*Asks:* 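One structure, as structure tokens, below. Some questions next.
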Amino acid sequence: MLDINDLHKTYGDNHVLKGVSLSVRKGELVSIIGPSGSGKSTLLRCCNRMEHASSGQILVEGQDINAADAKLDKLRQRIGMVFQAFNLYPHLSVRDNVTLALRKVKKIPRAQANEIAERALTRVGMAHKADAYPGQLSGGQQQRVGIARSIALEPAIILFDEPTSALDPEMVDGVLQVMRELRETGITMVVVTHEMAFARAASDSVVFMDGGVVVEAGTPDELFGAPKHARTTAFLSRLGSEAH
Ligand SMILES: Nc1ncnc2c1ncn2[C@@H]1O[C@H](COP(=O)(O)OP(=O)(O)OP(=O)(O)O)[C@@H](O)[C@H]1O
């Protein structure tokens with residue numbers, strides 16, 4: 001589904017990704033964890049070409065996303081992205097936020113786009129707010145609309161960049177619950193997260209990044225229960241002590 005091979009990214013002389021390789025199978029939920037500045041967001045942003053990798057290869061369903069003829073619009077229909085900061089249009093209703101790309105990019109007629117939006121909003125428990133505007137919603141509700149906007153396009157994979165980091169604590173669980181439910185429906189997801197309980201409970205595999213490399217990857221039990229590398233152990237124990 002997603003195959004990343006020896007990916008490098010530099011900003012000036014800042015070598016942010018230093019040869020990242022990663023494979024995600026269809027239907028998997030992969031969490032990426034690691035300290036601030038380790039390159040997690042940059043990796044996701046390279047995957048939907050918000051950033052251009054300096055070298056290396058990213059294949060989605062076997063297709064090289066950096067190929068010269070890869071069209072950005074088409075690419076971003078297949079690789080959805082959910083951001084920390086929701087990125088909804090404040091002047092559009094919830095329904096129109098969800099239908100915008102369906103109508104403008106996929107050229108789906110409005111009535112049909114509205115039906116698709118209704119289904120997507122139902123899946124995230126937000127159908128009753130279709131006529132509301134983002135400013136009338138809580139952060140957690142806005143993020144669920146952001147997720148609906150992404151799933152409405154039926155992407156091959158959805159990348160989540162710290163989807164709960166901007167939320168008040170009481171909003172976090174609702175969003176994580178929606179993501180767990182999506183996993184049950186077989187959507188392939190890569191989630192950059194600081195929510196260790198979620199990463200441990202909901203992932204098929206967990207990737208620990210530090211200093212621009214994948215230090216280790218494994219099942220949640222392997223990575224959290226018996227980390228192989230001292231850097232992973234140090235990161236997890238630092239988090240543990242911060243939590244107390
Ligand atoms: N557009 C940019 N221009 C220059 N440097 C950047 C840019 N984006 C990221 N960086 C640098 O890349 C490094 C990795 O950043 P990135 O946001 O990918 O880390 P992260 O692991 O996602 O961190 P966090 O958990 O804090 O979000 C940092 O040193 C950052 O300063």
Side-chain angles (χ1 to χ4, degrees), residues 2-24 29-58 60 65-66 72 75-76 79-87 139-140 142-143 146-147 150 157-169 171-172 175-176 179 189-200 202-203 205-218 220 223-224 227 229-243:
L2 173 67
D3 288 292
I4 301 172
N5 300 313
D6 197 23
L7 199 74
H8 289 257
K9 174 68 186 175
T10 51
Y11 293 106
D13 54 10
N14 188 2
H15 199 168
V16 174
L17 298 179
K18 300 174 182 165
V20 172
S21 297
L22 186 65
S23 279
V24 179
L29 190 159
V30 174
S31 292
I32 303 180
I33 62 170
S36 191
S38 54
K40 306 179 299 294
S41 298
T42 304
L43 177 65
L44 287 198
R45 292 160 63 84
C46 287
C47 289
N48 84 340
R49 285 216 359 220
M50 289 170 72
E51 295 288 351
H52 213 285
S54 307
S55 69
Q57 194 184 40
I58 302 173
V60 174
I65 68 148
N66 286 317
L72 269 188
L75 185 81
R76 289 184 183 153
I79 309 170
M81 185 111 174
V82 173
F83 302 91
Q84 181 177 345
F86 323 136
N87 294 10
Q142 290 187 52
Q143 189 57 295
I147 294 171
S150 191
I157 185 164
I158 304 182
L159 313 173
F160 293 82
D161 192 3
E162 299 185 25
T164 58
S165 294
L167 299 179
D168 293 335
M171 301 292 165
V172 169
V175 170
L176 294 180
M179 292 168 65
M189 302 193 266
V190 177
V191 185
V192 167
T193 186
H194 292 285
E195 297 287 340
M196 294 303 138
F198 171 81
R200 188 161 193 170
S203 311
S205 65
V206 182
V207 174
F208 172 63
M209 281 184 71
D210 193 7
V213 297
V214 171
V215 175
E216 67 176 298
L223 203 116
F224 289 103
H229 288 262
R231 283 156 83 181
T232 319
T233 310
F235 173 71
L236 294 174
S237 61
R238 202 162 60 238
L239 285 182
S241 60
E242 280 165 14

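Side-chain atoms are counted along with the backbone in the values below, which use heavy atoms only and exclude waters and symmetry mates. Being a predicted model, the structure only gives us computed values, none of them experimental. When a ligand or atom number is given, it counts from 1 through the structure's own listing order.
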*Asks:* With rounding to the nearest 0.5 Å, note down the distance linking OG in S41 to CE in M209.
*Replies:*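 S41 atom OG to M209 atom CE measures 9.5 Å (nearest 0.5 Å).
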
*Asks:* Among I32, N14, V192, T42, which residue places a heavy atom closest to atom 18 (O) of ligand 1?
*Replies:*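 Nearest heavy atom to atom 18 (O) of ligand 1 lies in T42.
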
*Asks:* Would you mind listing which atoms of ligand 1 come within a distance below 4.0 Å of any non-hydrogen atom of K40?
*Replies:*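 Matching atoms, with element in brackets: 18 (O), 19 (O), 20 (P), 21 (O), 22 (O), 23 (O), 24 (P), 25 (O).
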
*Asks:* Just by modelled atom types, is the D6 backbone N or O under 3.5 Å from a matching donor or acceptor in the S21 side chain?
*Replies:*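 Checked: pair present.
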
*Asks:* Considering heavy atoms of the protein only, find what lies nearest to atom 1 (N) of ligand 1 and give residue, atom and distance to 0.1 Å.
*Replies:*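 I find the closest protein heavy atom is Y11 CE2, 3.6 Å.
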
*Asks:* Within the distance-only criterion (no hydrogens, no angle test), does the side chain of H194 pair as donor or acceptor with the backbone N or O of M196 below 3.5 angstrom?
*Replies:*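 Not confirmed, H194 side chain does not pair with M196 backbone.
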
*Asks:* Going by the order shown, which atoms of ligand 1 are within less than 4.0 Å of some heavy atom of P35?
*Replies:*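 Checking each atom against P35, I get 21 (O).
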
*Asks:* May I ask whether atom 30 (C) of ligand 1 is less than 4.0 Å from at least one protein heavy atom?
*Replies:*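 So far as the 4.0 Å threshold goes, atom 30 (C) of ligand 1 is out of reach of every protein heavy atom.
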
*Asks:* Any side-chain donor-acceptor pair under 3.5 Å between S23 and D3?
*Replies:*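 Per modelled atom types, S23 and D3 side chains form a pair under 3.5 Å.
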
*Asks:* Could you check whether any side-chain N or O of Q84 sits under 3.5 Å from a backbone N or O of F160, counting only pairs where one atom can act as donor and the other as acceptor?
*Replies:*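 Side chain of Q84 to backbone of F160, a donor-acceptor pair under 3.5 Å: no, none is there.
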
*Asks:* For the pair S54 (side chain) and T10 (backbone), establish whether a donor and an acceptor sit closer than 3.5 Å, ignoring hydrogens and angles.
*Replies:*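 Confirmed, S54 side chain pairs with T10 backbone.
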
*Asks:* Among the heavy atoms of H194, does any lie under 4.0 Å from an atom of ligand 1?
*Replies:*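 Flag set, H194 near ligand 1.
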
*Asks:* Any N or O on G39 sitting closer than 3.5 Å to an N or O of ligand 1?
*Replies:*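 Yes; at least one N/O pair falls below 3.5 Å.
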
*Asks:* Would E162 count as a contact residue for ligand 1, given that I'm defining contact as a non-hydrogen atom of the residue lying under 4.0 Å from a ligand atom?
*Replies:*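 Per 4.0 Å heavy-atom rule, E162 contacts ligand 1.
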
*Asks:* Tell me whether K40 contacts the main-chain N or O of P35 through its side chain, where contact means a donor paired with an acceptor under 3.5 Å.
*Replies:*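 Side chain of K40 to backbone of P35: a pair is present.
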
*Asks:* What protein heavy atom sits nearest atom 12 (O) of ligand 1, and how far away is it?
*Replies:*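 Nearest neighbour among protein heavy atoms for atom 12 (O) of ligand 1, to 0.1 Å: V16 CG2, 3.1 Å.
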
*Asks:* Between the side chain of Q143 and the main-chain N/O of V175, is any donor-acceptor distance below 3.5 Å?
*Replies:*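 Answer holds: no.
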
*Asks:* Among S41, G212, G211, which one puts a heavy atom closest to atom 17 (O) of ligand 1?
*Replies:*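 That would be S41.
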
*Asks:* Nearest heavy atom to atom 14 (C) of ligand 1 wins, so pick from G37, S165, S36.
*Replies:*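 Ranked by closest heavy atom to atom 14 (C) of ligand 1, first place is G37.
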
